[in-house]
Peer 1: 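Sending over a structure as structure tokens; questions will come in a sec.
Read the numbers this way: they start at 1 and go in the same order the structure lists the ligands and their atoms.
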Amino acid sequence: MTLDNDFARLSDFEPMKAELTGIRRHLHANPELSFEEAETARFVAEKLEAWGYEVTRNVGGHGVVARMTVGAGKKSIAIRADMDALPISEQTGAAYASKAPGKMHACGHDGHTTILLGAAEYLARTRRFNGTLNLIFQPAEEAGAVSGAPAMIKDGLFERFPFDVIYGLHNHPGAAEGTWLLRSGPLMAAADTVEITIIGKGGHASRPHLTIDPVVVACNLVVSLQTIVARSVDPTQTAVVTVGAIHAGEVSNVIPESAKMLLTVRSFDPKVRELLEARIRKLTASIAEGYGASVEIDYVYGHPVVVNSEKETEFARMIAEELVGAEKVTTCGLIPGSEDFSHYLEHKPGSFLRLGNGVNSAILHSAKYDFADESLTVGAAMWARLTERYLDA
Ligand SMILES: [Zn+2]
Ligand SMILES: [Zn+2]
């Protein structure tokens with residue numbers, strides 16, 4: 001058992017503030033889009049190698065995994081940071097603003113990467129843990145349904161770098177710098193999209209009895225789909241079904257052959273997610289059948305719900321309270337955005353934490369957004385102490 005004095009504290013990271021701010025601003029000035037993170041990955045890998053990690057490059061694309069074992073402990077922890085930027089033209093006016101036209105770190109992944117590097121440097125220097133540490137620098141978080149986390153898993157992440165638990169963080173505009181927002185259970189939404197094609201029978205607008213009008217079917221379906229959340233989902237749960245587009249027909253005197261509808265479906269519970277799909281499929285098929293039309297449904301699963309396991313979340317809450325004090329650690333509300341960290345949590349226990357980015361911070365994905373450098377040392381101290389406490393003798 002290590003004495004409490006030996007675990008990482010916030011004050012241990014004060015001397016690293018200038019270095020971490022420099023790294024963050026370097027990454028900010030040189031953003032790379034999803035699947036293009038070659039330079040960021042090289043920058044990260046070279047530092048990790050210099051600090052003595054066993055570094056594996058090109059895991060699931062430009063992913064980098066750094067591994068270090070200290071002592072004979074059998075436990076293994078993973079911590080993940082994302083590295084990619086967005087196709088946005090920066091408007092912060094910062095001295096270290098993006099040098100790449102039309103590309104910007106507008107989600108703070110420059111900060112997440114820097115935080116994990118800060119912890120990596122500290123842990124390699126102090127080596128006060130007993131077991132195996134895995135640092136996952138993930139590409140392409142912003143890439144939509146086919147993103148970096150499933151790509152790294154498909155490339156053998158769990159088999160090549162075995163670990164017991166996984167942690168990750170995202171900065172949180174609207175909460176004060178250096179504060180933590182945690183939640184066990186569902187945290188962020190599953191985001192699915194559905195393309196429905198209703199195939200009727202086209203004809204002259206003056207002779208509707210000789211046609212099967214897909215426009216009428218589509219209109220009935222829109223109304224019926226709105227009953228799913230109101231009448232089928234448990235009122236203590238929450239969900240969204242939005243018909244974002246309907247396309248059918250060109251002119252007033254022709255009944256078209258088909259109609260196309262595009263839906264966004266969001267949920268915070270895997271069972272609700274299944275229910276939504278089942279209801280959408282059933283209503284679509286039965287309404288179309290009632291009118292003699294046929295349907296094609298392309299139901300595309302986006303990222304799953306981010307579900308934090310209770311034990312690992314409470315462990316992180318304890319560490320956060322030790323580091324910054326209980327008054328700076330609160331329970332996070334549900335977040336309707338989605339995040340591909342959820343793919344790891346489908347296989348491993350763990351927790352996705354939110355770190356305050358300032359009450360006046362611009363929102364994520366805004367051209368005026370910037371990561372709050374004041375949060376860098378708090379984040380790095382968190383990962384360091386969490387690792388030391390989890391991999392304690
Ligand atoms: Zn984002
Ligand atoms: Zn993000």
Peer 1: Taking backbone and side chain together, does H109 place any N/O/S atom at a distance below 2.8 Å from the Zn ion (ligand 1)?
Peer 2: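 Within the cut-off used here (under 2.8 Å), H109 places no N, O or S atom near the Zn ion (ligand 1).
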
Peer 1: In terms of side-chain geometry, is the basic nitrogen of R385 or E388 positioned less than 4.0 Å from the acidic oxygen of its partner?
Peer 2: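 Salt bridge between R385 and E388, a charged N being under 4.0 Å from a carboxylate O: no.
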
Peer 1: Do you see an N/O/S atom of H112, backbone or side chain, under 2.8 Å from the Zn ion (ligand 2)?
Peer 2: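 Given the 2.8 Å cut-off, H112 does not count as a ligand of the Zn ion (ligand 2).
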
Peer 1: Please find the N/O/S atom of H365 nearest to the Zn ion (ligand 1) and write down its name.
Peer 2: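 Result: NE2.
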
Peer 1: From the Zn ion (ligand 1) out to just under 2.8 Å, does an N/O/S atom of E142 turn up?
Peer 2: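 It does: E142 brings an N, O or S atom closer than 2.8 Å to the Zn ion (ligand 1).
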
Peer 1: Do R389 and E322 meet the salt-bridge criterion of a basic N to acidic O distance under 4.0 Å?
Peer 2: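 Yes, E322 and R389 are salt-bridged.
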
Peer 1: Looking only at side-chain N and O atoms, does S76 offer a donor or acceptor that is under 3.5 Å from a partner on N134?
Peer 2: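 There is such a pair between these side chains.
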
Peer 1: In H170, what N, O or S atom is nearest to the Zn ion (ligand 2), if we give its atom name?
Peer 2: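 It is NE2, the N, O or S atom of H170 closest to the Zn ion (ligand 2).
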
Peer 1: Ion pair present between K271 and E274, side-chain N to carboxylate O less than 4.0 angstrom?
Peer 2: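 Looking at E274 together with K271, the answer is no, because their closest N to O distance does not fall below 4.0 Å.
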
Peer 1: We want to know whether E312 and S309 form a side-chain donor-acceptor pair, criterion being a heavy-atom distance below 3.5 angstrom.
Peer 2: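 Yes - a donor-acceptor pair under 3.5 Å links their side chains.
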
